[in-house]
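A quick write-up on the structure given underneath.
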Amino acid sequence: MQIAILLYDRFTALDAVGPYETLSRLPGAETVFVAERPGPVRNDSGSLGLVAEKSLAEAVRPDIVVVPGGPPEAVGPHLKGGPVLDWLRTVDVMTTWTTSVCTGSLLLGAAGLLNGRRATSHWLALDELRGFGAMPTAERVVMDHKYVTAAGVSSGIDMGLALLGEIAGDRHAESVQLLMEYDPQPPYDAGSPHKAPADLVDHLRARGVPQG
């Protein structure tokens, strides 16, 4: 089973690394980072680079595709078309699972893959999914047939574990969770717009800048 994790300039690192840490533990999995061209690709802050081992042209039959999100200046240019959307449409024909984290779902939507499907994204970007014919939902992980979308940055870990359970069974997913010691106990209870202080939610809505 080949897992292809898409990289593009200014992607959000945890959107890619969270699913990598979980899905790469599938028995027999080959996990590869792919981009338009092989080589290092910088994240949204420019301070971290991941290396794409293969070009999009070389990754033609992945079983699982993971599309990370990023800020508007990273995702926006690809929404208008180009190699990334072309690749997503092409490989989706053969994938077993096509997935995204955060605003990566906008790329799936722009590729025409979420039309009529339930999907999620970063809470500040949910409404944008409607423009691509998707049915946005504020759930943390959404499965609609083979399409799996996750909400904001940290939810990529949840998405990876949920997909592990679907593919390899609950026991294997639980083992991976335990080995990762993934037992979230955040020091603040402000991880969603329904829990955070209202003035903080309003402040971030006014900025209108969804982060990966």
Side-chain angles (χ1 to χ4, degrees), residues 1-7 11-34 43 50 52-54 59 61-70 88 91-92 94-109 113-114 117-123 125-126 129 134-189 191-192 194-195 211-212:
M1 176 178 289
Q2 185 183 77
I3 303 164
I5 302 176
L6 175 68
L7 300 178
F11 72 100
T12 296
L14 187 56
D15 287 9
V17 174
Y20 167 81
E21 286 293 340
T22 51
L23 294 175
S24 63
R25 300 170 195 265
L26 274 169
E30 174 200 10
T31 308
V32 295
F33 290 100
V34 302
N43 74 328
L50 293 181
E53 303 156 79
K54 294 186 177 184
R61 290 180 65 92
D63 299 283
I64 300 175
V65 166
V66 179
V67 182
L88 286 172
V91 298
D92 179 69
M94 298 299 295
T95 60
T96 304
W97 300 95
T98 297
T99 77
S100 67
V101 180
C102 201
T103 52
S105 59
L106 301 182
L107 292 171
L108 296 186
L113 305 181
L114 298 180
R117 301 192 180 280
R118 297 173 66 253
T120 192
S121 190
H122 189 283
W123 61 276
L126 271 176
L129 284 172
M135 297 180 286
T137 171
E139 295 170 38
R140 191 161 172 83
V141 177
V142 176
M143 289 191 178
D144 190 325
H145 298 279
K146 73 170 187 174
Y147 299 95
V148 189
T149 55
V153 185
S154 62
S155 63
I157 299 174
D158 299 57
M159 185 273 287
L161 287 172
L163 197 50
L164 270 183
E166 289 288 321
I167 298 170
D170 294 340
R171 184 74 169 182
H172 184 73
E174 288 171 344
S175 297
V176 170
Q177 180 180 7
L178 180 56
L179 288 169
M180 291 175 64
E181 203 170 344
Y182 180 54
D183 182 25
Q185 300 174 41
Y188 302 101
D189 192 20
S192 84
H194 307 295
K195 297 179 179 180
Q211 296 297 317

If you define the side chain from C-beta out and look only at heavy atoms, does anything of [X] sit under 4.5 Å from [Y]?
X: Val148; Y: Val142; result: no
X: Val101; Y: Val67; result: no
X: Leu129; Y: Leu106; result: yes
X: Leu178; Y: Glu174; result: no
X: Pro62; Y: Met1; result: no
X: Asp63; Y: Trp97; result: no
X: Val34; Y: Leu7; result: no
X: Arg140; Y: Ser154; result: yes

Atom [atom1] in [X], atom [atom2] in [Y]: separation rounded to 0.5 Å?
X: Met159; Y: Asp15; atom1: CE; atom2: CG; answer: 9.0 Å
X: Leu6; Y: Phe11; atom1: CG; atom2: CZ; answer: 9.5 Å
X: Leu163; Y: Leu26; atom1: CG; atom2: CG; answer: 7.0 Å
X: Lys146; Y: Leu113; atom1: NZ; atom2: CG; answer: 8.0 Å
X: Thr96; Y: Glu166; atom1: OG1; atom2: CD; answer: 12.5 Å
X: Met180; Y: Leu161; atom1: CE; atom2: CG; answer: 6.0 Å

Next on the checklist: Does this structure show an ion pair linking Arg118 with Asp144, if we count only N-O contacts that are shorter than 4.0 Å?
Outcome noted: no
Which atom names give the shortest non-hydrogen contact between [X] and [Y], and what distance separates them?
X: His122; Y: Cys102; value: CB-SG, 3.3 Å
X: Ala16; Y: Pro68; value: N-CB, 3.9 Å
X: Ile3; Y: Ala29; value: CD1-CB, 3.8 Å

Strictly distance-based, threshold 3.5 Å: is any side-chain N or O of [X] a donor or acceptor partner for the main-chain N or O of [Y]?
X: Ser192; Y: His194; value: yes
X: Gln2; Y: Glu30; value: no
X: Ser121; Y: Ser105; value: no
X: Thr95; Y: Val65; value: no
X: Thr103; Y: Gly70; value: yes
X: Ser24; Y: Thr31; value: no

Item to check | Pairing residues for Ser100 by the side-chain hydrogen bond (donor to acceptor under 3.5 Å, both in side chains) criterion, not counting sequence neighbours | outcome: none
Checklist outcome for this item: Given the options Ile5, Val17, Asn43, Leu50 meets side-chain contact (heavy atoms from CB on, under 4.5 Å) only with Val17
Item to check | Option from Asp158, Thr99, Thr149 for which side-chain contact (heavy atoms from CB on, under 4.5 Å) with Val141 holds | outcome: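 Only one option passes, and that is Asp158.
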Checklist entry - After noting the C-alpha distance and the side-chain angles of Leu88 and Leu107, does the key distance pass the side-chain contact (heavy atoms from CB on, under 4.5 Å) rule? => result CA-CA 9 Å; Leu88 286 172; Leu107 292 171; 4.3 Å; yes
Checklist entry - Between Leu164 and His172, is a side-chain contact (heavy atoms from CB on, under 4.5 Å) present by the stated rule, with each step listed? => result CA-CA 7 Å; Leu164 270 183; His172 184 73; 4.1 Å; yes
Checklist entry - Are there more than 12 heavy atoms of other residues, nucleotides or ligands under 6.0 Å from atom CE of Met94? => result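 Counting neighbours around CE of Met94, 12 or fewer heavy atoms of other residues, nucleotides or ligands fall under 6.0 Å, so no.
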Next on the checklist: If the condition is ring pair (Phe, Tyr, Trp, His ring centres under 6.0 Å), which residues does Phe33 pass it with, not counting sequence neighbours?
Outcome noted: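 Per chain and number, Phe33 pairs via ring pair (Phe, Tyr, Trp, His ring centres under 6.0 Å) with Tyr20.
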